[in-house]
Amino acid sequence: MVMKFAVQCRGDQDSKEIKSKLKSYLAQFKMEYDEDEPDLCISVGGDGTLLEAFHRYVHRLDQTAFIGIHTGHLGFYADWIPKELEKLIIEIARTPFQVVEYPLLELTIRPNEYDKEHTYIALNEITVKTAEGSVVLDVEIKGEHFETFRGDGLCISTPSGSTAYNKALGGAIIHPSLEAFQITEMASINNRVFRTVGSPLILPKHHTAVLRPKNERTFMITIDHLTMAFNDVHSIQCRVAKERVRFARFRPFPFWKRVHDSFISDSRSEM
């Protein structure tokens, strides 16, 4: 059976050259280039490029696996660098890849008329903000009121996305073997009148969080790199998605090594 592949490219000259080489060399190994139904999607760029690839094939996550070649400044999802291109091509052509699966986040936005809901899947996170003053939301967990949030917004992240915007907001880093999601505050208002828990919340797979607006606002909701405006929002439901993202692995690259390599300078090498 012929393996089909596609390449998602960032668009700079170096990434374009790598894409061209991938298409040419893999064709010599009798692999088929297919942008519609690939078995393997190769992302060439940074994490943003892989997010674009993920949303391009979000409708076939059980059939398409992803692998990244890092040509940007930060490639948390990328296993390979350009100088390893020939080695990667040989691995893809000759070695059946192992699959590592990460949990995802499902977001359902329901309008007040309740006749048309919108459901999305996120690899990294979703954020809820407004351009009209503070965000005011009732936060429910498992159907019970937990708190009323007032502040700049909320970030709801996956375990793999916990190293992105969530980390910048002071959220915890969660290993992606844990099926969970995290809710992290953005500049909450806490005084004698308004009070939130003030800490990130980590919810397991069987828990659902629902955000209910307390006032009429146009909400700016991001799903990874995509931003959309929603009016007349009745509720925003968040939970671990039934779908999972599949990454192709040709060599070990432990999660904590990714965290170390991405964020920590190894001072031992400087001694």
Side-chain angles (χ1 to χ4, degrees), residues 1-10 14-72 74-105 121-124 158-161 163-164 174-179 224 241-262:
M1 186 174 178
V2 177
M3 179 185 288
K4 295 182 289 184
F5 73 99
V7 181
Q8 184 79 21
C9 178
R10 184 172 59 177
D14 290 343
S15 298
K16 287 180 179 179
E17 290 178 4
I18 291 174
K19 177 179 179 178
S20 179
K21 290 178 181 179
L22 282 166
K23 293 177 68 175
S24 175
Y25 293 159
L26 290 176
Q28 295 177 27
F29 285 100
K30 309 303 181 184
M31 293 183 62
E32 178 184 343
Y33 189 77
D34 186 339
E35 291 191 348
D36 295 323
E37 297 181 340
D39 302 305
L40 179 67
C41 177
I42 307 167
S43 168
V44 183
D47 285 345
T49 310
L50 197 139
L51 289 173
E52 291 176 4
F54 169 81
H55 284 277
R56 182 175 184 178
Y57 298 110
V58 71
H59 61 288
R60 48 177 291 118
L61 294 177
D62 60 336
Q63 299 166 287
T64 298
F66 301 88
I67 190 167
I69 299 174
H70 163 44
T71 61
L74 179 62
F76 190 85
Y77 286 118
D79 292 359
W80 300 80
I81 57 178
K83 68 180 182 180
E84 300 175 308
L85 182 60
E86 290 186 10
K87 181 180 179 181
L88 175 60
I89 289 170
I90 293 172
E91 292 284 353
I92 293 173
R94 296 181 177 177
T95 309
F97 58 79
Q98 294 183 330
V99 170
V100 176
E101 296 185 344
Y102 285 178
L104 299 169
L105 180 67
I121 302 295
L123 173 57
N124 264 6
T158 67
S160 55
T163 60
I174 304 176
H175 194 282
S177 65
L178 302 176
E179 293 188 285
D224 293 330
K242 63 180 183 297
E243 299 88 351
R244 295 170 67 86
V245 64
R246 301 161 65 243
F247 290 104
R249 293 280 187 266
F250 295 97
R251 61 185 180 187
F253 199 169
F255 177 76
W256 295 119
K257 177 171 172 53
R258 292 173 184 269
V259 173
H260 175 274
D261 291 353
S262 296

Fill in: Smallest separation among heavy atoms of P176 and P103, with atom names
O-CD, 3.0 Å
Worksheet item: Roughly how far apart are K257 NZ and S262 OG, rounded to 0.5 Å?
Response: 10.0 Å
Worksheet item: Do R251 and W80 come within less than 4.5 Å of each other through their side chains, counting heavy atoms only?
Response: yes
Discussion item. Give me the atom names and distance for the closest heavy-atom approach of I69 to I81.
Written reply: CG2-C, 4.2 Å
Practice prompt. Compare all side-chain heavy atoms of L88 with those of E84 and state whether any distance is below 4.5 angstrom.
Written response: no
Discussion item. What verdict does the side-chain contact (heavy atoms from CB on, under 4.5 Å) test give for L104 and V58, after you've listed the backbone C-alpha separation in whole Å, the side-chain angles of each residue and the deciding distance to 0.1 Å?
Written reply: CA-CA 11 Å; L104 299 169; V58 71; over 6 Å; no
Worksheet entry | Gap between atom OG1 of T71 and atom NZ of K16 - 0.5 Å precision | 12.5 Å
Practice prompt. State which residues pass side-chain hydrogen bond (donor to acceptor under 3.5 Å, both in side chains) with S43; sequence neighbours excluded, sorted by chain then number.
Written response: none
Item to complete: Walk me through it: do Y77 and S160 pass the test side-chain hydrogen bond (donor to acceptor under 3.5 Å, both in side chains)?
Response: CA-CA 9 Å; Y77 286 118; S160 55; 3.2 Å; yes
Fill in: Closest non-hydrogen atom pair between L61 and R244, with its separation
CB-O, 3.7 Å
Worksheet item: With a 4.5 Å heavy-atom cut-off, do Q63 and E37 have their side chains touching?
Response: no
Worksheet item: So, E17 side chain and D14 main chain: donor-acceptor pair closer than 3.5 Å or not?
Response: no
Worksheet item: What's the shortest heavy-atom distance between A248 and L40, and which atoms?
Response: CB-CD1, 3.7 Å
Worksheet item: Counting N and O atoms only, with roles assigned by atom type, does the side chain of D39 sit under 3.5 Å from a partner on the main chain of K4, one being a donor and the other an acceptor?
Response: yes
Worksheet item: Is the shortest heavy-atom distance from the side chain of V100 to the side chain of R246 under 4.5 Å?
Response: no
Worksheet entry | From CE (M3) to CD (E32), nearest 0.5 Å | 12.0 Å
Practice prompt. Report yes if the side chains of Y57 and E35 come closer than 4.5 Å at any heavy-atom pair, otherwise no.
Written response: yes
Discussion item. Using a 6.0 Å cut-off, check whether atom NZ of K21 has over 12 heavy atoms from anything other than its own residue.
Written reply: no
Item to complete: Give a yes or no on whether the backbone of L123 and the side-chain of T158 come within a donor-acceptor separation of less than 3.5 Å.
Response: yes
Fill in: Audit row: E243, R60, salt bridge (charged side-chain N to carboxylate O under 4.0 Å, His left out) steps and yes/no
CA-CA 10 Å; E243 299 88 351; R60 48 177 291 118; over 6 Å; no
Discussion item. For a quick test of reading the model, state the closest non-hydrogen atom pair linking F253 to R258 and the distance between them.
Written reply: O-NE, 3.3 Å
Worksheet entry | Separation of F5 CZ from D34 CG (nearest 0.5 Å) | 10.0 Å
Discussion item. Taking atom CD as the centre, does E101 end up with more than 12 heavy-atom neighbours from other residues, nucleotides or ligands that are less than 6.0 angstrom away?
Written reply: yes
Worksheet item: Looking only at heavy atoms, what is the nearest atom pair of D224 and N124, with distance?
Response: OD1-N, 2.7 Å
Item to complete: Evaluate the criterion side-chain contact (heavy atoms from CB on, under 4.5 Å) for residue pair F54 and V245; output intermediate values, then yes/no.
Response: CA-CA 8 Å; F54 169 81; V245 64; 3.9 Å; yes
Practice prompt. Please state whether the rings of H175 and W256 are parallel, tilted or perpendicular, taking 30° and 60° as the class boundaries.
Written response: tilted
Discussion item. Taking OH in Y25 as the centre, count heavy atoms belonging to other residues, nucleotides or ligands within less than 6.0 Å. Is the count above 12?
Written reply: no
Item to complete: Describe, in one word, how the ring planes of F97 and F250 are oriented to each other, choosing from parallel (under 30°), tilted (30 to 60°) and perpendicular (over 60°).
Response: perpendicular
Worksheet item: CZ/R10 to CD1/I18 distance, rounded to the nearest 0.5 angstrom?
Response: 9.5 Å
Worksheet item: Testing F247, F66, F76 for ring pair (Phe, Tyr, Trp, His ring centres under 6.0 Å) with Y102, which one passes?
Response: F247
Discussion item. When you compare the side chain of I92 with that of M31, does any pair of heavy atoms fall below 4.5 Å?
Written reply: yes
Practice prompt. To the nearest 0.5 angstrom, please state how far the CD atom of E91 sits from the CG atom of D79.
Written response: 11.5 Å
